[in-house]
There are 2 protein chains.
Amino acid sequence: MIVMETTADIAPEQACPISPVVDLVFSRWTTPILWTLNEYGRHRFVELERRITTISPKVLTQRLRQLERDGLVSRTYHAEVPPRVEYAITDLGRSLAPLFASIADWSVNLGKVDRARQDYDAARPTG
Amino acid sequence: MIVMETTADIAPEQACPISPVVDLVFSRWTTPILWTLNEYGRHRFVELERRITTISPKVLTQRLRQLERDGLVSRTYHAEVPPRVEYAITDLGRSLAPLFASIADWSVNLGKVDRARQDYDAARPTG
DNA sequence: GACAGTAGGTACCTAGAGGAAAGCGGCATG
DNA sequence: CATGCCGCTTTCCTCTAGGTACCTACTGTC
């Protein structure tokens, strides 16, 4: 039996169609990795490490594996000595570019956010 | 003294200009809240709770406070019995709409992600 | 023989986010 | 008199993401 509600049926998890993409692309650490590879091209492991200074090698590996599995990043192993591995963004990853662009566009509003925070805090001085 | 590097100076935290916006808008639970308010208009606390079924009241309160402080959501208290509180998206929050739209657009690629995962897993059967 | 450099793997540990459950205030309704 | 509604708040507890530190194989170089 199907029950119709005023607000339409509610999806099981959360009625928010963009969440899957957000989980994929904007979970912790994935954004700077994808953005870097998209903006500056292929990188070796240590190059990424040096660019995203605060990431630990363990987590960098985890995220790169995940992004590779998701088809957003490609990994190329060169059997040299010392070994060399290059990470690059795939076509699928590159298709995120307009998305990154619209986020970058919105960042002009960060000043308004700052002001809103100041107003909010000023209105509640002693919590 | 300013040192020029080949890849330009590296920002202190992470050389990724979109991270601030991502932290603001796409941290855990904020996305479905903002998306819901943007898509379906003002909601009461319990309405949000019922729509985003898996969120706990504690976290919902936390996120709403944070979004209110950031100027993305407005809170209106009606001193009735029982009390009524309405949350709505602000103009600043509404300005995120194109961003949400570009994410929704990209979600057509989720199928490719699924296929990439299958390929990846198929190529590594026993870990 | 020691050390460096690369791309990680692994074991251990901690901090903090988030879940569960209960309470509160004020009134209305049974 | 109890119960329920609403919008939280508080306390307690768990769980896991992530950090630290150390390890590997392989070779060249001092």
Side-chain angles (χ1 to χ4, degrees), chain A residues 6-7 12-14 16 19 22-34 36-37 42-70 73-88 120 124 126-127, chain B residues 12-14 16 19 22-34 36-37 42-70 73-88 120 124 126-127:
Chain A
T6 5
T7 55
E13 295 277 312
Q14 54 225 353
C16 177
S19 282
V22 171
D23 289 346
L24 193 68
V25 181
F26 299 122
S27 56
R28 192 149 163 70
W29 292 120
T30 57
T31 313
I33 295 175
L34 280 174
T36 299
L37 293 179
R42 53 182 59 239
H43 278 64
R44 307 178 56 174
F45 189 87
V46 279
E47 289 170 349
L48 282 172
E49 226 176 341
R50 285 197 267 261
R51 202 180 270 278
I52 308 166
T53 52
T54 49
I55 198 171
S56 70
K58 182 183 113 178
V59 176
L60 181 54
T61 303
Q62 283 178 354
R63 288 291 160 274
L64 286 171
R65 288 284 175 285
Q66 172 194 323
L67 290 170
E68 189 195 356
R69 192 172 101 100
D70 293 343
V73 161
S74 72
R75 186 185 118 111
T76 314
Y77 179 80
H78 303 269
E80 305 167 357
V81 168
R84 187 163 57 92
V85 176
E86 285 190 325
Y87 294 94
Y120 186 95
R124 295 158 189 79
T126 49
Chain B
E13 296 276 313
Q14 54 224 353
C16 178
S19 281
V22 171
D23 289 347
L24 192 72
V25 182
F26 299 122
S27 55
R28 192 151 161 70
W29 291 122
T30 57
T31 312
I33 295 174
L34 280 175
T36 299
L37 292 180
R42 52 183 60 238
H43 278 66
R44 308 178 57 171
F45 189 88
V46 279
E47 289 170 350
L48 282 172
E49 228 176 340
R50 284 197 268 261
R51 202 179 271 278
I52 309 167
T53 52
T54 49
I55 198 171
S56 69
K58 183 184 108 177
V59 176
L60 181 54
T61 304
Q62 283 178 353
R63 288 291 160 273
L64 286 170
R65 287 286 176 284
Q66 171 194 324
L67 290 170
E68 188 195 358
R69 193 172 101 100
D70 293 342
V73 159
S74 72
R75 186 185 119 110
T76 315
Y77 179 81
H78 303 269
E80 306 168 356
V81 168
R84 186 162 57 92
V85 176
E86 284 189 325
Y87 294 95
Y120 186 95
R124 294 156 191 79
T126 48

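Here is the naming used below: chain letters follow the sequence lines, and residue numbers restart at 1 for every chain.
Closest to the A/V85 side chain, of the nucleotides C/dA7, D/dT9, D/dG18, is C/dA7. When the nucleotides D/dC5, C/dG5, C/dG19 are ranked by their closest atom to the side chain of B/P82, D/dC5 comes out on top.
Put simply, A/R63 has a side-chain N or O that comes within less than 4.0 Å of OP1 or OP2 on D/dG18. For the pair A/R84 and C/dG5, the criterion of a side-chain N or O lying under 4.0 Å from OP1 or OP2 is not met. One finds no side-chain N or O of B/R28 lying less than 4.0 angstrom from the OP1 or OP2 phosphate oxygen of D/dA17. At the phosphate of D/dC6, neither OP1 nor OP2 sits under 4.0 Å from any side-chain N or O atom of B/Y87.
The shortest side-chain heavy-atom distance between A/V25 and B/F26 does not fall under the 4.5 Å cut-off. When side chains are defined from C-beta on, A/T61 counts as touching A/F45, because their heavy atoms get closer than 4.5 Å. Counting heavy atoms from C-beta outward, A/T30 and A/L24 have side chains that stay 4.5 Å or more apart.
When rounded to the nearest whole Å, the span between NE2 of A/H43 and P of C/dA7 equals 13 Å. Rounded to an integer number of Å, the gap from A/K58 NZ to C/dA7 C1' is 16 Å. Per the geometry, CZ belonging to B/R42 stands 13 Å off P belonging to D/dG7, to the nearest Å. When rounded to the nearest whole Å, the span between CD of A/E49 and P of C/dA7 equals 9 Å. In this structure, the CG atom of A/L67 is 13 Å from the P atom of C/dG8, given to the nearest Å. One atom, NE2 of A/H78, and another, C1' of C/dT6, lie 13 Å apart when rounded to the nearest Å. Distance CD (B/E80) to C1' (C/dG25): 16 Å, rounded to an integer number of Å. Rounding to whole angstrom units, CD of residue A/Q66 and C1' of D/dG18 are separated by 14 Å.
Looking at which nucleotide of DNA chain C each of A/V81 and A/R75 is closest to, the 5′-most match is held by A/V81. Both A/I55 and B/R65 sit near DNA chain D, but only B/R65 has its closest nucleotide nearer the 5' end. Mapping B/Q62 and A/R44 onto DNA chain C by nearest heavy atom places A/R44 closer to the 5' end of the strand.
Using a 4.0 Å heavy-atom cutoff across all strands shown, A/P57 reaches no nucleic acid atom at all.
Here the closest non-hydrogen pair linking A/Y87 and A/L37 is O-CD2, 3.5 Å.
Side-chain atoms of B/R75 never come within 3.5 Å of backbone atoms of B/R65 as a donor-acceptor pair (strictly under, hydrogens ignored).
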